[in-house]
Protein chains: 2
Amino acid sequence: MSESPDKFDVLKLGNQLCFPLYACAKEIVRIYREPLGKIGLTYTQYIVMMVLWEFGTMTEKELGAKLYLDSGTLTPVLKKLEKSGFVKRQRAEKDERSLNISLTDNGIKLKEKALQVPQALDGCIHLSYDEMLTLRALLNKALKETK
Amino acid sequence: MSESPDKFDVLKLGNQLCFPLYACAKEIVRIYREPLGKIGLTYTQYIVMMVLWEFGTMTEKELGAKLYLDSGTLTPVLKKLEKSGFVKRQRAEKDERSLNISLTDNGIKLKEKALQVPQALDGCIHLSYDEMLTLRALLNKALKETK
DNA sequence: CGGAATTAGATTGCGTACAATTTATTTGTA
DNA sequence: TACAAATAAATTGTACGCAATCTAATTCCG
């Protein structure tokens, strides 16, 4: 019935954990693209804004720690958000190495419009609520331990 | 005890499914980088090779369907794999639009060396076997239904 | 049969990701 | 207090990932 197992089974796509993780993330981020486009954000810009909406002003470093992104990625993303008028970037007074990232009035206003994004995504991922909770818990566990 | 719920809770990072998915995928792919570097592959090249090792020659289109990648991504990746000497790219005789991707001798030989990759990853993701199976099943379900 | 529609890859342009390096600032310590 | 070590961003270079577009080959139909 079943195929004969051999040492190369570990190289089969169906036996991977990383591949469905990679593909699923990619597909879901792709779905975000359209609703995000309507409010003028990319996915990366969106998660930056979510952190600022929830926690307020913080440094680029702190932002990076929350988002698992380094300055190589964040610096250009933040410059674009600044150019779009959603955030301010200013050197911290206490430590001139740090860059404080804060919301502009338009950045704060955008939060209301952003409510349509999770709404647009609603129902796109065909998992039950319990399955979604289980999936999220396992991902968060893997993320925390893998750090 | 708990925070008062409001309509903006859906915009909190901790309530997202996509964010841990995105971050987890990114972190795990990052861990692959080192062992893959030892056998001369990137992660994207690796999943291409896995498909070819498992299923043999197929067109770029078929490869893309299995990996959720389009020609914009695959064409340059396949050209690099060709330059590295792991695959051949040749137009299909029956349909000159299609490109058959097949393994070279070096590409076949690489399979043995690639066994060290899952081995190097072993234990890096701190989930129990059952948790890993649950996670993979949920990801595959989400992936299939979202397609 | 023959032109329109479809299809497979390739190309272009933009936006990440990230390792590695650089620069400026701050901290730790002899 | 000098000065080495550490730290935060910025920069550089490489590799995706994908939407949009283009080209060539094939198929569909009237």
Side-chain angles (χ1 to χ4, degrees), chain A residues 18-19 21-38 40-49 58-84 87 89-101, chain B residues 18-19 22-38 40-48 58-84 87 89-101:
Chain A
C18 188
F19 174 68
L21 195 55
Y22 154 88
C24 204
K26 224 160 43 67
E27 291 306 300
I28 294 182
V29 167
R30 203 170 49 72
I31 296 173
Y32 270 89
R33 223 174 296 274
E34 201 200 332
L36 282 174
K38 290 184 183 168
L41 294 178
T42 64
Y43 184 73
T44 314
Q45 292 171 2
Y46 176 59
I47 59 177
V48 167
M49 294 301 287
M58 64 177 68
T59 67
E60 179 169 336
K61 186 75 180 176
E62 292 165 333
L63 211 40
K66 283 198 181 294
L67 298 177
Y68 299 83
L69 292 172
D70 69 5
S71 70
T73 302
L74 269 182
T75 297
V77 168
L78 293 172
K79 284 182 176 175
K80 277 168 210 153
L81 280 174
E82 184 181 44
K83 191 175 285 183
S84 298
V87 309
R89 298 163 64 246
Q90 39 202 165
R91 290 287 158 186
E93 291 180 17
K94 295 168 287 190
D95 186 342
E96 291 280 336
R97 292 170 303 181
S98 292
L99 198 63
N100 281 138
I101 313 298
Chain B
C18 188
F19 174 68
Y22 154 88
C24 204
K26 222 160 46 68
E27 290 306 298
I28 295 182
V29 167
R30 203 170 50 73
I31 296 173
Y32 270 90
R33 224 174 293 274
E34 202 200 330
L36 281 174
K38 290 184 181 166
L41 294 178
T42 64
Y43 184 72
T44 314
Q45 291 170 4
Y46 177 58
I47 59 178
V48 166
M58 65 178 67
T59 66
E60 181 170 333
K61 186 77 179 177
E62 291 165 333
L63 210 41
K66 282 196 182 296
L67 298 176
Y68 299 82
L69 292 173
D70 68 4
S71 69
T73 302
L74 268 181
T75 296
V77 167
L78 293 172
K79 284 183 176 176
K80 278 169 209 154
L81 281 173
E82 184 181 45
K83 191 175 282 183
S84 298
V87 309
R89 298 163 65 246
Q90 40 201 168
R91 289 288 158 188
E93 290 178 19
K94 294 168 287 187
D95 186 341
E96 291 281 335
R97 290 172 304 179
S98 294
L99 197 64
N100 281 137
I101 313 298

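Chain letters run A, B, ... following the sequence lines, proteins first and then strands; every chain starts at 1. Predicted model, so just to flag it, every value in this text is computed and none were measured.
Residue A:R91 has its side chain nearest to D:dA10 when only C:dA10, D:dA10, D:dC16 are considered. Among C:dT16, D:dA9, D:dA19, the nucleotide with an atom closest to any side-chain atom of A:R33 is D:dA19. When distances run from any side-chain atom of B:E27 to the nucleotides D:dA15, D:dA10, C:dC18, the shortest one goes to C:dC18. If you check C:dA8, C:dT11, D:dC18 against the side chain of B:D70, the one that comes closest is D:dC18. For A:E96, the side-chain atoms get nearest to C:dT25 when compared with the rest of D:dA25, C:dT25, D:dA9. Here the side chain of A:K26 is nearest to one of D:dC18, C:dG9, D:dA25, namely D:dC18. Counting only heavy atoms from C-beta on, A:T75 has its side chain closest to D:dA10 among D:dA10, C:dG15, C:dT25.
Base engagement by B:T73 is indicated by at least one non-hydrogen atom pair under 4.0 Å involving a base atom. Here A:V29 lies out of heavy-atom contact (under 4.0 Å) with every strand. Across all strands shown, B:E62 has no heavy atoms under 4.0 Å from either base or sugar-phosphate atoms. A:T42 comes within 4.0 angstrom of sugar-phosphate atoms only, judged by non-hydrogen atoms across all strands, and of no base. Residue-level contact check: A:S98 touches the backbone only, with heavy atoms under 4.0 Å from sugar-phosphate atoms and none from bases.
Between atom CG of residue B:L69 and atom CD1 of residue B:I47 there is a gap of 5.5 Å, rounded to the nearest 0.5 Å. Once rounded to the nearest 0.5 Å, the distance linking CZ of B:R33 with CG of B:L41 reads 13.0 Å. The OG atom of A:S84 lies 9.0 Å from the CE atom of A:M49; values are rounded to the nearest 0.5 Å. To the nearest 0.5 angstrom, A:T75 atom OG1 is 11.0 Å from A:K80 atom NZ.
Listed pair B:Y22 / C:dA17 meets the phosphate criterion, a side-chain N or O lying under 4.0 Å from OP1 or OP2. Contact between the side-chain N/O atoms of A:T44 and the OP1/OP2 oxygens of C:dA17 is found at a separation under 4.0 Å. Applying the 4.0 Å criterion to OP1 and OP2 of D:dC16, one finds that B:K80 has a side-chain N or O inside that range. Look at B:R89 and you won't find any side-chain N or O under 4.0 angstrom from OP1 or OP2 of C:dA8. Regarding contacts with the backbone of C:dG15, every side-chain N or O of A:Q45 stays at 4.0 angstrom or more from both OP1 and OP2. The phosphate of C:dT11 has OP1 or OP2 within less than 4.0 Å of a side-chain N or O from B:K79.
For the pair A:Y43 and B:S71, nearest-nucleotide mapping onto DNA chain C gives the more 5' position to B:S71.
In this entry the distance linking CG of B:L63 with C1' of C:dA8 reads 13 Å, nearest Å. Atom CZ in B:F19 sits roughly 11 Å away from atom P in C:dA17 (whole-Å rounding). Protein atom CD1 of A:I28 is 16 Å distant from nucleotide atom P of D:dG17, rounded to whole Å. Look at CG on B:L41: it is 10 Å from P on D:dC16, rounded to the nearest Å. As rounded to whole Å, 13 Å separates atom P of C:dT25 from atom CG of A:L99.
Annotation: the terminal axes of the helix from C:dC1-D:dG30 to C:dA30-D:dT1 meet at 10°, where each axis is the rotation carrying the C1' atoms of four end pairs onto the next four (5 pairs per end, rounded to 10°).
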Practice prompt. Evaluate the side-chain contact (heavy atoms from CB on, under 4.5 Å) criterion for residues B:E60 and B:S98: first the C-alpha distance (whole Å), next the side-chain angles of each, then the deciding distance (0.1 Å), finally the verdict.
Written response: CA-CA 7 Å; B:E60 181 170 333; B:S98 294; over 6 Å; no

Discussion item. Apply side-chain contact (heavy atoms from CB on, under 4.5 Å) to residues B:R97 and B:K61 and explain how you reach the verdict.
Written reply: CA-CA 10 Å; B:R97 290 172 304 179; B:K61 186 77 179 177; over 6 Å; no

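Taking the six-membered ring where the residue is Trp, A:Y43 and B:Y22 present perpendicular rings, their angle passing 60° and hence far from 30°.
Residues passing the side-chain contact (heavy atoms from CB on, under 4.5 Å) test with B:R91, sequence neighbours excluded: B:E96, B:L99.
Ion pairing between A:E27 and A:R30 holds under the 4.0 Å rule for side-chain N and carboxylate O.
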